[in-house]
**Q** 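One structure, as structure tokens, below. Some questions next.
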Amino acid sequence: MRIRIALTAAALAASMSLVLAACAQLEPVNAPIPTDRATTAPEPSTDPSAAWLDGGHGIGLVTFGSSSLACTPAVQDVKAEGQTVTVTLAEQDPNAVCTADFAPRATYVAVPEGIDASKDVTVAFDGAGAQGRLTLAGSSALGASTQGKPSAGWFSSTGIVLLTWGSSTCPPVVSDLAEEKAGATVTFQADATKPCTMDYVPRLTVLGVNPPTDPSDYTLTLKGGNLDGEVKVLG
């Protein structure tokens with residue numbers, strides 16, 4: 001079955017050599033084309049959420065609000081105490097012009113040293129109009145970094161955060177998402193004419209899918225945008 005993506009996000013993040021975390025930002029896209037299952041599924045929650053990324057070395061923090069690039073939360077500071085990661089989000093530029101839509105925005109948080117992803121982790125965040133505490137379930141499957149390769153994690157029963165690495169000025173843009181029984185094929189637009197900076201940063205893309213029968217066995221097949229490959233979504 002073929003559907004449109006629910007929302008696509010790509011982030012302009014700060015260099016990882018300078019900060020512990022970088023933010024991912026969304027660009028507005030059209031609403032998804034309804035399918036039989038999608039129209040009967042419950043409305044997705046708009047509460048903040050989070051997903052494991054990069055084998056437990058990264059977290060995708062998802063908040064909701066304007067999808068304008070200048071209005072997406074950015075990480076100002078990250079600290080760890082025990083199994084709690086405290087994230088301070090930078091306050092928004094008062095002169096920023098924000099669209100009136102209400103969309104998920106994914107912010108990349110690099111997990112500080114000392115956090116054990118095999119055990120439950122509390123994520124406390126504050127700033128940029130967002131505040132809360134979330135619990136990410138630990139897993140023995142986490143621990144090994146993907147070392148710059150794409151990774152993905154569930155932030156809800158129908159929401160996936162996809163992490164890719166590359167130029168901050170050329171984030172991946174999804175042109176199509178085709179769902180299958182145990183995953184989805186994500187096709188990216190190609191833009192060979194656009195100049196790209198030489199930095200190498202995390203870029204986050206938020207994908208919307210129908211609730212899978214087995215989330216633990218869900219795989220994304222990436223095509224185009226120099227991202228060809230398969231990525232198992234972390235539960």
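Note that this is a predicted model, so its numbers are computed, not measured.
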**Q** Measure the spacing between CG of Leu134 and CG of Asp47 and express it to the nearest 0.5 Å.
**A**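 Taking CG in Leu134 and CG in Asp47, the distance rounds to 9.0 Å.
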**Q** Hey, is CD on Glu81 packed in by over 12 heavy atoms from elsewhere, all under 6.0 Å?
**A**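 Counting neighbours around CD of Glu81, 12 or fewer heavy atoms of other residues, nucleotides or ligands fall under 6.0 Å, so no.
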**Q** Hey, can you tell me if Tyr108 and Trp165 have their rings parallel, tilted or perpendicular (30° and 60° cut-offs)?
**A**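 Geometry flag for Trp165 against Tyr108: perpendicular rings.
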**Q** Kindly indicate whether the side chain of Pro112, heavy atoms from C-beta on, has any atom under 4.5 Å from the side chain of Lys79.
**A**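 No, their side chains stay 4.5 Å or more apart.
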**Q** Go through it in stages, so that I can follow the logic: the residues are Ser168 and Thr197, the test is side chain to side chain contact (heavy atoms under 4.5 Å, CB included), and I'd like the CA-CA distance, side-chain angles, deciding distance and then a yes or no.
**A** CA-CA 7 Å; Ser168 60; Thr197 55; 3.6 Å; yes
**Q** Hey, does Val186 have a side-chain heavy atom less than 4.5 Å from the side chain of Thr205?
**A**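 Side chain of Thr205 against side chain of Val186, heavy atoms only: no contact under 4.5 Å found.
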**Q** Hey, are the side chains of Thr185 and Glu180 touching, using non-hydrogen atoms and a 4.5 Å cut-off?
**A**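 Contact flag for Thr185/Glu180 side chains = yes.
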**Q** Among side-chain atoms of Ser118 and Ser140, is any donor-acceptor pair under 3.5 angstrom?
**A**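 Ser140 and Ser118 do not have a side-chain donor-acceptor pair below 3.5 Å.
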**Q** Return the set of residues passing side chain to side chain contact (heavy atoms under 4.5 Å, CB included) with Ser145 (not counting sequence neighbours), or none when no residue passes.
**A**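 Listed in chain order: Asp54, His57, Gln147.
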**Q** Calculate, to the nearest 0.5 Å, the distance between atoms CZ and CG belonging to Arg133 and Asp126 respectively.
**A**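 It comes to 11.5 Å.
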**Q** With heavy-atom distances below 4.5 Å as the criterion, would you say the side chains of Asp101 and Ser66 are in contact?
**A**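 They are in contact (side-chain heavy atoms under 4.5 Å apart), so the answer is yes.
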**Q** Going by atom types alone, do Ser175 and Thr187 pair a side-chain donor with an acceptor below 3.5 Å?
**A**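 Side chains of Ser175 and Thr187: no pair found under 3.5 Å.
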**Q** Is the backbone N or O of Cys71 less than 3.5 Å from a side-chain atom of Ser68, with the two atoms forming a donor-acceptor pair by type?
**A**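 Judged by distance alone, no pair lies under 3.5 Å.
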**Q** Would you compute the distance between atom NZ of Lys232 and atom CG of Asp217 and round it to the nearest 0.5 angstrom?
**A**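 The distance works out to 5.5 Å.
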**Q** Give a yes or no answer on whether the side chain of Trp52 reaches the backbone of Leu234 with a donor-acceptor pair at less than 3.5 Å.
**A**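 Not at all, since once roles are kept as given, no pair shorter than 3.5 Å links the two residues.
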**Q** Can you tell me how far apart CG (Asn226) and SG (Cys170) are? Round to the nearest 0.5 Å.
**A**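 So the CG of Asn226 and the SG of Cys170 are separated by 10.5 Å.
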**Q** Calculate, to the nearest 0.5 Å, the distance between atoms CZ and CZ belonging to Phe64 and Arg105 respectively.
**A**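 The distance works out to 9.0 Å.
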**Q** Are Val161 and Phe102 in one and the same hydrophobic cluster, where Ile, Leu, Val, Met, Phe, Trp and Tyr link if side-chain heavy atoms are under 4.5 Å apart?
**A**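 Same cluster.
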**Q** Has Glu91 got a side-chain atom pairing as donor or acceptor with Ala128's backbone, closer than 3.5 angstrom?
**A**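 Yes; at least one donor-acceptor contact below 3.5 Å.
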**Q** Within the structure provided, determine whether Leu163 and Leu204 are in side-chain contact (heavy-atom separation under 4.5 Å).
**A**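 Yes - at least one pair of side-chain heavy atoms lies under 4.5 Å apart.
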**Q** Can you name the residues that form a ring-ring contact (aromatic ring centres under 6.0 Å, His included) with Phe125, not counting sequence neighbours?
**A**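 So Phe125 forms no ring-ring contact (aromatic ring centres under 6.0 Å, His included) with any residue.
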**Q** Just wondering, do Val85 and Val78 contact through their side chains at under 4.5 Å, heavy atoms?
**A**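 The answer is yes; the side chains approach within 4.5 Å.
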**Q** Going from OG1 on Thr169 to CG on Asp199, what distance comes out if it is rounded to the nearest 0.5 angstrom?
**A**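 Reported to 0.5 Å precision, the distance equals 6.5 Å.
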